[in-house]
Amino acid sequence: MPNLTTECRIAAIGKHVGEVVTVHGWVYNTRSSGKLHFVILRDGTGLLQCIISKNDVSDEVFLAASELTQESSVRVSGVVREDKRAPGGYEMHVHDLHVVQLAEDYPIKLKEHGVEFLMDNRHLWLRTPRQASIMRIRHTVVKACRDFLDDRGFLLVDAPILTPAACEGTTTLFETDYFGEKAYLSQSGQLYNEANAMAFGKVYCFGPTFRAEKSKTRRHLVEFWMVEPEIAFCNLEECMQLQEEMITYIVCSVLERNARDLETLERDTEALRRVVPPFPRISYDEAVELLRSKGMDFTWGEDFGAPDETVISQAFDKPVFVHHYPAQCKAFYMQPDPDRPELVLSADLLASEGYGEIIGGGQRIHDRVVLEQRMNEHALPEDPYRWYVDLRRYGSVPHSGFGLGIERTVAWICGTQHVREVIPYPRLLNRIYP
RNA sequence: UCCUCGUUAGCUCAAUGGUAGAGCACUCGGCUGUUAACCGAGGGGUUGCAGGUUCGAGCCCUGCACGAGGAGCCA
């Protein structure tokens, strides 16, 4: 079918008032008053109300419009008009309509659905306005992470996903067959980051991460994305400063670029506007004291559980750093505190409003003897880590880094109930479909 | 792995141990400004699976499967 009009995406429709344009999209919903059809069109950038009047179109087009089903793909042409009655403020008075494919009975209705049904239909669920807003915010968060680090001279050096051994030795790994040998899906790029930081000074990796833990909570995914910066010649305090600047940059980017999406999600943006440096910093000792003052039973030396983290984060109105953890609850590579060897120079960043830990990081051991001693205590095999120890032989320097969980950050910024909603195809315990 | 709750129409949910229902969706009809449109009619069920108790089980009991929320672990 010949088409000589301007093609236009719905997000830009306001620039074409009075003009004849063509829009490609999918039918979000239809209504009819007999000789007047209202077709709400969706094109991935927004929604547009199209008016199809029996007086304005051929009998064929009017018949085709009356037979449209939800999610049918179409091409429509018509005049753009400003109209307060239309959602979004603009509508199209259609001259012509071409049905690309008439959709079969569509499973996802505009009414409520249960979680299991929506997850089974994730490939279709992504088409709904709420999910579109979440994916746009995720895009902004990822772009903001990259822009922030790129602007500060970081080099993207990605770590391998197939690895010969555990990075941290704590969580369960996915095992795979590597031409007859065992290999594992990466749970962190951090050890490789340390090598890369000694090569390039300031680096980051950005990729998927896999944890075979049988976690079943709103904060856990089996496959999730993490951005991990690593900086040579950097101590814990400098590392925390970088983190709060980065989180602030991310939140500001979303507030600037996704105002309408935050509105769709009914997110309280006041809480997000409070996210500016400096973030409160409390030591592990102070956090334990805080928990006890709230009447919670807590043994020094244990790691905080989810309810503990919630209580700590609720004591502040922005994200809070907890630093100087006991060595026993952190990974083997954490630098001991010179003043109190039972502590390590680590810091976690807890998101506000009970979303839990979004960053884990700290200063790494730069002394070979100390590192080998810790590896012994953790009963780690020598061979797979030989290259890692090597880094302490050739120009070792104090260095720090952290891992930022993309999904937890997006869930916090969006205010969603569960991290499964903020990744396109969540991998969960008991779910690898679709 | 543990604790709690759940599984009835395509979807969301009702139904004292006594004939399995509603709204939405779908099909047909009506309507020229609708806003998850509305009005009328119609089709649609092995009540998760397997046993048991009972004159009779969607409902009570046992086991299993699947799902949800939480714990542990962590981003």
Side-chain angles (χ1 to χ4, degrees), chain A residues 28-40 47 49-57 62 66-67 69-71 81 83-89 91 93 103-121 124-125 128-129 167-173 187-190 207-228 243 302-310 329-331 348-351 355-361 402-412 417-420 422-423 428-431:
Chain A
Y28 177 70
N29 196 17
T30 61
R31 287 183 283 271
S32 174
S33 297
K35 297 189 176 62
L36 187 65
H37 298 309
F38 298 87
V39 176
I40 313 293
L47 296 176
Q49 174 162 280
C50 301
I51 313 299
I52 301 162
S53 168
K54 193 164 173 60
N55 294 337
D56 295 347
V57 298
F62 191 77
S66 65
E67 289 174 345
T69 54
Q70 196 187 348
E71 289 301 319
R81 295 268 162 76
D83 195 310
K84 283 175 191 151
R85 292 169 295 187
E91 63 183 20
H93 288 256
E104 297 173 24
D105 190 13
Y106 192 66
I108 297 191
K109 312 303 180 197
L110 302 180
K111 293 276 182 178
E112 283 176 34
H113 292 287
V115 172
E116 188 186 359
F117 179 78
L118 289 170
M119 293 298 292
D120 283 343
N121 290 283
L124 304 176
W125 188 20
T128 60
C167 270
E168 305 183 2
T170 50
T171 52
T172 317
L173 297 166
Q187 60 172 283
S188 165
Q190 194 228 305
T209 297
F210 306 88
R211 304 274 165 93
E213 285 292 333
K214 297 197 170 177
S215 299
K216 195 168 153 48
T217 79
R218 69 180 68 181
R219 296 177 307 281
H220 288 89
L221 292 165
V222 168
E223 177 184 308
F224 65 98
W225 286 67
M226 193 155 63
V227 56
E228 296 177 275
Q243 291 173 35
E302 288 178 359
D303 205 353
F304 301 119
D308 306 317
E309 285 184 355
T310 301
C329 47
K330 288 294 169 185
D348 287 353
L349 183 66
L350 307 182
Y355 277 87
E357 185 185 339
I358 53 173
I359 288 180
F402 61 93
L404 168 66
I406 295 297
E407 286 76 17
R408 284 192 186 174
T409 302
V410 176
W412 163 56
Q417 234 8 76
H418 200 300
V419 288
R420 68 182 160 219
V422 308
I423 187 167
L428 301 160
L429 184 65
N430 302 332
R431 177 174 290 279

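By convention in this document, chain letters (A, B, ...) are assigned in the order of the sequence lines, proteins followed by strands, and residues within each chain are numbered from 1.
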Distance-only polar pair, side chains of A/Thr209 and A/Glu223, donor-acceptor under 3.5 Å: no
Nearest-angstrom distance, C1' atom, B/G51 to B/G67: 23 Å
Presence of A/Asn430 side-chain N/O under 4.0 Å of B/G67 phosphate oxygens OP1/OP2: yes
Rounded C1' spacing from B/C11 to B/G72 in Å: 35 Å
Sugar-phosphate, base or nothing in reach of A/Glu357, heavy atoms under 4.0 Å: sugar-phosphate
Presence of donor-acceptor pair under 3.5 Å, side chain of A/His220 and base of B/C74: yes
Side chain of A/Glu116 - closest among B/G33, B/C66, B/C74: B/C66
Base-pairing mate for B/U8 - Watson-Crick or G-U, with both contacts under 3.5 Å: none
From B/A71, B/G33, B/A75, nucleotide with atom closest to A/Thr217 side chain: B/A71
Distance-only donor-acceptor test, A/Ser215 side-chain atoms vs B/C74 base atoms, 3.5 Å: no
Touch class at under 4.0 angstrom, heavy-atom based, for A/Glu407 against every strand present: nothing
Base of B/G33 paired with side chain of A/Glu91 (donor-acceptor, under 3.5 Å): yes
Ring-base stacking, A/Phe224 with B/A75 (5.5 Å, 30° cut-offs): yes
A/Lys216 side chain near B/G70 phosphate (N/O to OP1/OP2, under 4.0 Å): no
Presence of donor-acceptor pair under 3.5 Å, side chain of A/Arg408 and base of B/C74: yes
Side-chain N or O of A/Arg219 closer than 4.0 Å to phosphate OP1/OP2 of B/A71: yes
